[in-house]
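Worksheet for the structure shown next.
Position 1 is the first residue of the sequence; numbering continues from there. Whatever order the structure lists ligands and atoms in, that order sets their numbers, starting from 1. Reckoned from all heavy atoms, side chains included, excluding hydrogens, waters and symmetry mates.
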Amino acid sequence: MIKGLIFDLDGVIVTTEHNHFIAWQRTAHSLGIDFEEEHNELLKGVSRADSLKKILELGSKTISSEEFDALLKSKNDFYVDSIQELNQTDLLPGVLDLLTEAKAKGIKLAIGSSSKNANFILTLLKIDHLFDVVIDGNGVEFPKPHPEVFLNGAKALGLLPNECIVFEDAASGITAAKAGGFHAFAVGNPNIADLADTYLNDLTEFSLEAYA
Ligand code: BG6
Ligand code: MG
């Protein structure tokens with residue numbers, strides 16, 4: 001019996017994964033490193049600092065810790081600038097209906113995101129009040145693919161991992177969910193379908209009645 005739903009944010013709730021890609025591509029190009037959509041797959045769900053480390057690995061580059069920190073800041077400034085107009089039209093298909101239906105049924109709802117901008121984004125989208133718990137990149141020691149973000153989410157909801165479904169669009173997130181003992185549902189990213197317990201093209205395909 002499923003008692004809780006834990007959602008990744010970027011790429012599951014909202015279209016911001018593209019904004020991350022554009023911001024990282026700009027960062028990579030400033031370092032003379034080629035960066036295309038296929039490279040971005042490696043970064044999905046990955047923390048800000050780990051993402052920059054992966055870009056540097058792609059280009060076999062090393063930089064000073066000062067330059068590293070400056071690039072993290074400029075990437076985030078550019079990214080945050082690019083999401084200022086975010087609103088409910090940027091929610092991915094089925095999100096609002098599922099959150100509303102689950103809430104009405106007393107199913108617990110959490111966000112389990114690597115982003116440090118999660119609360120800001122939820123406020124822009126005006127859906128922050130729907131979640132019982134938000135665990136984000138500010139609250140974890142070990143980022144995805146470590147399961148900490150989801151384990152903290154389940155604990156805060158007062159539920160066991162096997163009572164929760166995790167919805168993810170990233171390989172790192174599915175790996176984290178499986179490692180934590182959650183039901184791992186991949187959404188909207190066929191590249192990770194094989195890693196997950198179940199694959200959904202989008203959240204309109206999820207039937208709450210079948211699980212809760
Ligand atoms: C994840 C995204 O949710 O958060 C990544 O999938 C992003 O692309 C990561 O890099 C960290 O986000 P932020 O907003 O803290 O830079
Ligand atoms: Mg994601």
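- Between K54 and D50, none of the side-chain N atoms (NZ, or NE/NH1/NH2) sits under 4.0 Å from a carboxylate O, so this pair counts as no salt bridge.
- Using a 4.5 Å heavy-atom cutoff, the side chains of L31 and L71 are in contact.
- Contacts of H20 with ligand 1, taken as heavy-atom pairs under 4.0 Å, involve the side chain alone.
- The protein heavy atom nearest to atom 9 (C) of ligand 1 is V46 O, 3.1 Å.
- For atom 3 (O) of ligand 1, the nearest non-hydrogen atom from the set I13, D10, D169 comes from D10.
- Residue contacts with ligand 1, taken as heavy atom pairs separated by less than 4.0 Å, do not involve L9 at all.
- D8 has its closest N, O or S atom to the Mg ion (ligand 2) at the position named OD2.
- Counting only heavy atoms from C-beta outward, the side chains of H18 and E37 approach each other to under 4.5 Å.
- Expressed to the nearest 0.5 Å, how far OG of S47 lies from CG of D136 amounts to 12.5 Å.
- The residues K44 and D10 are annotated as not salt-bridged, no charged nitrogen and carboxylate oxygen being separated by less than 4.0 angstrom.
- Between D90 and L124 there is no side-chain heavy-atom pair separated by less than 4.5 Å.
- Residue side and main chain included, D169 places an N/O/S atom under 2.8 Å of the Mg ion (ligand 2).
- The minimum heavy-atom distance between A49 and L72, with the atom names listed, is CA-CD2, 4.0 Å.
- Among the backbone and side-chain atoms of E168, no N/O/S atom is found under 2.8 Å from the Mg ion (ligand 2).
- Residue contacts with ligand 1: G45 is included, with a non-hydrogen atom under 4.0 Å away.
- Nearest non-hydrogen protein atom to atom 8 (O) of ligand 1 is E17 OE2, 2.9 Å.
- When only modelled atom types and interatomic distance are considered, N40 and Q25 share no side-chain donor-acceptor pair under 3.5 Å.
- Protein heavy atom nearest atom 15 (O) of ligand 1, with residue, atom name and distance: K116 N, 2.6 Å.
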### Message
With side chain to side chain contact (heavy atoms under 4.5 Å, CB included) as the criterion, how do N138 and N119 come out once you've worked through the C-alpha distance, each side chain's angles and the decisive distance to 0.1 Å?
### Response
CA-CA 10 Å; N138 297 297; N119 279 306; 5.7 Å; no
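- Residue-ligand proximity: G137 is placed with every non-hydrogen atom at 4.0 Å or more from ligand 1.
- Residue contacts with ligand 1: F21 is excluded, as none of its non-hydrogen atoms falls under 4.0 Å.
- Taking every heavy atom of both residues into account, I192 and A171 meet most closely at CG2-N, 3.5 Å.
- How far CG of D197 is from CD1 of I174: 7.5 Å, rounded to the nearest 0.5 Å.
- Residue-ligand proximity, N117 to ligand 1, at heavy-atom distances under 4.0 Å covers atoms 13 (P), 14 (O).
- Residue-to-ligand polar distances keep K44 apart from ligand 1: every N/O pair is separated by 3.5 Å or more.
- Looking at D10, its N, O or S atom nearest to the Mg ion (ligand 2) turns out to be O.
- Which parts of ligand 1 touch S114 is read off a 4.0 Å heavy-atom cut-off, strictly below it: atoms 1 (C), 4 (O), 11 (C).
- If you look at S115 next to ligand 1, the close heavy atoms, those under 4.0 Å, come from the backbone and the side chain alike.
- Those atoms of ligand 1 that come under 4.0 Å of a heavy atom in S51, given as number and element, are 10 (O).
- Each of the atoms 10 (O) of ligand 1 lies under 4.0 Å from some heavy atom of W24.
- Ring pair F185/F167 is perpendicular by interplanar angle, where above 60° counts as perpendicular and below 30° as parallel.
- The protein heavy-atom contact nearest to atom 16 (O) of ligand 1 is R48 NE, 2.7 Å.
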